[in-house]
A.B. asks: 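To start, I am sharing the structure in question, which I have written as structure tokens.
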Number of protein chains: 2
Amino acid sequence: MKKTSLNDIAKALGVSKALVSLVLNNRGDEMGINKETQRKVIKMAAKLNYKPNLVARGLRLGASKNIGVIIPDISNPFFARIARTIEDEAGKLGYHVTFVSTDENPQKESRLIRLMLERQSDGLIIASSQPNTADILNLRRDNVPFVLIDRYFPQVKTNYVVVDNHKAAYNVVTHLINLGYRKIALVKISPEYLTPIRFRLAGYRDALRDHGIRYDKHIVREIPFGEGLANQMEPMMHDLLFRPLSVEAVFFLNNSLALAGLEVINRMNLRIPQDVAIVSFDDIDVFRLFHPPVTAVAQPYREMAKEAVRILVKEIQSPHKRNEKSQMVFAAKLEIRRSCGFYK
Amino acid sequence: MKKTSLNDIAKALGVSKALVSLVLNNRGDEMGINKETQRKVIKMAAKLNYKPNLVARGLRLGASKNIGVIIPDISNPFFARIARTIEDEAGKLGYHVTFVSTDENPQKESRLIRLMLERQSDGLIIASSQPNTADILNLRRDNVPFVLIDRYFPQVKTNYVVVDNHKAAYNVVTHLINLGYRKIALVKISPEYLTPIRFRLAGYRDALRDHGIRYDKHIVREIPFGEGLANQMEPMMHDLLFRPLSVEAVFFLNNSLALAGLEVINRMNLRIPQDVAIVSFDDIDVFRLFHPPVTAVAQPYREMAKEAVRILVKEIQSPHKRNEKSQMVFAAKLEIRRSCGFYK
DNA sequence: GTGAAAGCGCTAACAT
DNA sequence: ATGTTAGCGCTTTCAC
């Protein structure tokens, strides 16, 4: 059973497909087409179970009404939330969304950017894992509407929506220091060139410095993104938490690190916060549920996603002034819970 | 700056676009096109930054190489995992994927199915929230390749990939009974007509019956899908856990329910499993990390997603024998942890 | 070896 | 008030 096209309806009725197109796009009245004719067209469309071919329409109109969203991993709760909000907000504006996951792999990301463009996405939202700006500069040169989210490139003028990672990390460390902790370890994830990681690290260093604590590279650690996270966490935590390092607090730079770290700490039968205090970046739901609840930096992901869509769609719809770029920096909120020994 | 098309390359070289198309699709040798000409075409394509328009190609070829995935909520970890695996597996077979979320809303699901078809998806993977089979029957009538996942319709012959929910729930309850629990509450989510919910409930009833325990409707509860979950959980837990009901164990029928329930139980300062034992369906990562770790039913989501893609792509690629339908029922695994008082 | 032409389904401009 | 035509970018058939 072949799909019904405009032509099939036109033939069945002995009219032209242009007329059918107009009627079905609710432009019948505007074009002064006979009410009765319109009725017949609509009826026949229903009878033949007509579904417009949006691909053909997109080809004709030069717009797909599709937004490509390129993120590291749709199964990471932080990005899943952002993705979901983007989906909803884009829907309100008449766009649908295609998500793809890069696994923090720059080559894969390049391929996926290309794929989205070949599939004629009208614009892109990207949480980029690129170490350099080549792809981004290409997009800009080609006048492709896009918005960076979560990560950006300070040296390039683009649209972006991020949080103030430096300040957020600074606040975390200050909070810990105020509670009396001095030996504060930091566990980050590679690739380390990403702006969120770099700025969080800088916030950590600056907070230490401003409180007269020396930066100690031995208690700043890194784990590569990927599956083996749990395995590497175990020896690392042993190393940090026992002599000679004996850190008092650990600041995890994202939610996956914190989850892996918590699992290890539980296995080691250490108490939080008595034996070690814990803070994480990214406030995922379950942090509230742990024993004790985990202090974490909450990013306003809804607002971020919403803004990203708003900026993108605006740029898509005004092809003329594509050189006005928007930069949005949101404040993150430190959700203080009991894992660092302070009870709200 | 306009996008480069085949025609632009053809003109720049004074050849026909047919030739360019052949060369760029690596069919130059096969068609015996001059090596030197091929080289020039490829060079010019690179110089003009040519990107094939996959939409136009799809229109011509009648295949988009796209799979539509329709699920309740991409930000639910269970579906996010499935989605991610589908993305990877489809990618291996040369397909890309579009995810959309229905929020368990049947009308929204109908609209999204239609949208995916209008966007010319070659096939669909659906975790359906429909109370009836109308949409499914339409899809079948129109010969659209699709695979149901997680939920299915027993009265309709379709492809589907699910777990044996009855058996899994039966095992959960049997496990609890063997540990000595008698008053076992069940908390389910609406819509209740979904096969997983129905079969899990049936498994619960059958296990009780087989062990000579009377089914008590007062300790079988339901919460509607949506935002207000936490609010409704609180009074419900009070009701179940204190007199006169005083249940000894609670079986949550999915991960969101269990998370909300755990939060309330923590707030009530009850101990797990001493005051109440807990089991959940869906084994999400964090269950391992709770104090105590939560016993849960693990679905083999990787295998399920992989099978769904395999079945779908096979059907897409063999338009002739579309009436051979595959039904896959996977066994779920009960991950026994300490939340029900049994220590492995 | 290469080119010309047709056509996928649609819509906009132009005719009548 | 309705129809005709052209063309979006691509691939395929057939002709030279």
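Note on naming: letters A, B, ... go to the chains in the order of the sequence lines (proteins, then strands), and numbering restarts at 1 for each one.
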A.B. asks: What integer distance in Å separates B:Ile9:CD1 from C:dG3:C1'?
C.D. replies: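 That distance rounds to 17 Å.
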
A.B. asks: Tell me yes or no: between the side chains of B:Asn66 and B:Asp122, is some donor less than 3.5 Å from an acceptor?
C.D. replies: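 Short answer, no.
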
A.B. asks: So which protein nitrogen or oxygen atoms get under 3.5 Å of nucleotides 12-16 of chain D's nitrogens or oxygens?
C.D. replies:
unit_1 : atom_1 : unit_2  : atom_2 : d
D:dT12 : OP2    : B:Arg27 : NH1    : 2.7

A.B. asks: Hey, is the side chain of A:Thr37 poking within less than 4.0 Å of OP1 or OP2 on D:dT2, counting only N and O atoms?
C.D. replies: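 So the side chain of A:Thr37 is within the cut-off, an N or O lying under 4.0 Å from OP1 or OP2 of D:dT2.
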
A.B. asks: What is the distance, to the nearest angstrom, from the CG atom on B:Leu54 to the P atom on D:dC8?
C.D. replies: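 Answer to the nearest Å: 19 Å.
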
A.B. asks: May I have the distance from A:Leu6 (atom CG) to C:dG7 (atom P), rounded to whole angstrom?
C.D. replies: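 One finds 18 Å between P of C:dG7 and CG of A:Leu6, rounded.
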
A.B. asks: Tell me whether A:Asp88 is salt-bridged to A:Lys92, with the criterion being a basic N under 4.0 Å from an acidic carboxylate O.
C.D. replies: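 Between A:Lys92 and A:Asp88 there is no salt bridge, as every charged N stays at least 4.0 Å from the carboxylate O atoms.
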
A.B. asks: Roughly, in whole Å, what's the span from CD in A:Glu30 to P in D:dT2?
C.D. replies: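 A:Glu30 atom CD is separated from D:dT2 atom P by 15 Å.
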
A.B. asks: Does B:Ala56 or B:Gly14 map to a spot on DNA chain C nearer the 5' end, using the closest nucleotide for each?
C.D. replies: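 The answer here is B:Gly14.
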
A.B. asks: Using a 4.0 Å heavy-atom cut-off, does B:Val15 contact any base of the nucleic acid, only the sugar-phosphate backbone, or nothing at all?
C.D. replies: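 The answer is sugar-phosphate, as B:Val15 gets under 4.0 Å only of primed atoms, P, OP1 or OP2.
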
A.B. asks: Is the number of heavy atoms from other residues, nucleotides or ligands within 6.0 Å of NZ (B:Lys314) greater than 12?
C.D. replies: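 Open.
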
A.B. asks: Over how many whole Å does the gap from B:Arg119 atom CZ to C:dC10 atom C1' extend?
C.D. replies: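 Whole-Å distance recorded here is 15 Å.
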
A.B. asks: I need the B:Ser128 OG to B:Ile70 CD1 distance, nearest 0.5 Å.
C.D. replies: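 Reported to 0.5 Å precision, the distance equals 8.5 Å.
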
A.B. asks: In this structure, are over 12 heavy atoms from other groups packed under 6.0 Å from A:Lys306 atom NZ?
C.D. replies: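 No.
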
A.B. asks: Does some side-chain heavy atom of B:Ile67 sit less than 4.5 Å from a side-chain heavy atom of B:Thr98?
C.D. replies: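 Counting from C-beta outward, B:Thr98 and B:Ile67 never come under 4.5 Å.
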
A.B. asks: Tell me if the NZ atom of A:Lys325 is crowded by more than 12 foreign heavy atoms within 6.0 Å.
C.D. replies: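 Atom NZ in A:Lys325 is crowded, with more than 12 foreign heavy atoms closer than 6.0 Å.
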
A.B. asks: Would you indicate, yes or no, if C:dT11 has its OP1 or OP2 atom less than 4.0 angstrom from a side-chain nitrogen or oxygen of A:Arg57?
C.D. replies: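 Yes, within the criterion.
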
A.B. asks: Can a side chain N or O of A:Asn7 be found less than 4.0 Å away from OP1 or OP2 on C:dC10?
C.D. replies: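 Checking A:Asn7 against C:dC10: no side-chain N or O falls below 4.0 Å of OP1 or OP2.
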
A.B. asks: Quick check on C:dT11: is either OP1 or OP2 less than 4.0 Å from any side-chain nitrogen or oxygen of A:Asn25?
C.D. replies: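 The answer is yes; a side-chain N or O of A:Asn25 sits under 4.0 Å from OP1 or OP2.
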
A.B. asks: Rounded to whole Å, how long is the line connecting atom NZ of B:Lys51 with atom P of D:dC10?
C.D. replies: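 Going from B:Lys51 (NZ) to D:dC10 (P), I get 12 Å.
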
A.B. asks: B:Tyr50 side chain: which of D:dT11, D:dC10, C:dG9 is closest?
C.D. replies: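 The answer is D:dC10, which lies nearest to the side chain.
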
A.B. asks: NZ of B:Lys3 versus P of D:dC8: gap in Å, rounded?
C.D. replies: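 After rounding, the reported distance stands at 14 Å.
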
A.B. asks: Between B:Lys35 and B:Leu59, name the one whose nearest nucleotide on DNA chain C is closer to the 5' end.
C.D. replies: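 Between the two, 5'-proximity favours B:Lys35.
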
A.B. asks: Nearest-Å distance, NZ (B:Lys11) to P (D:dG9)?
C.D. replies: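 From B:Lys11 NZ to D:dG9 P: 10 Å.
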
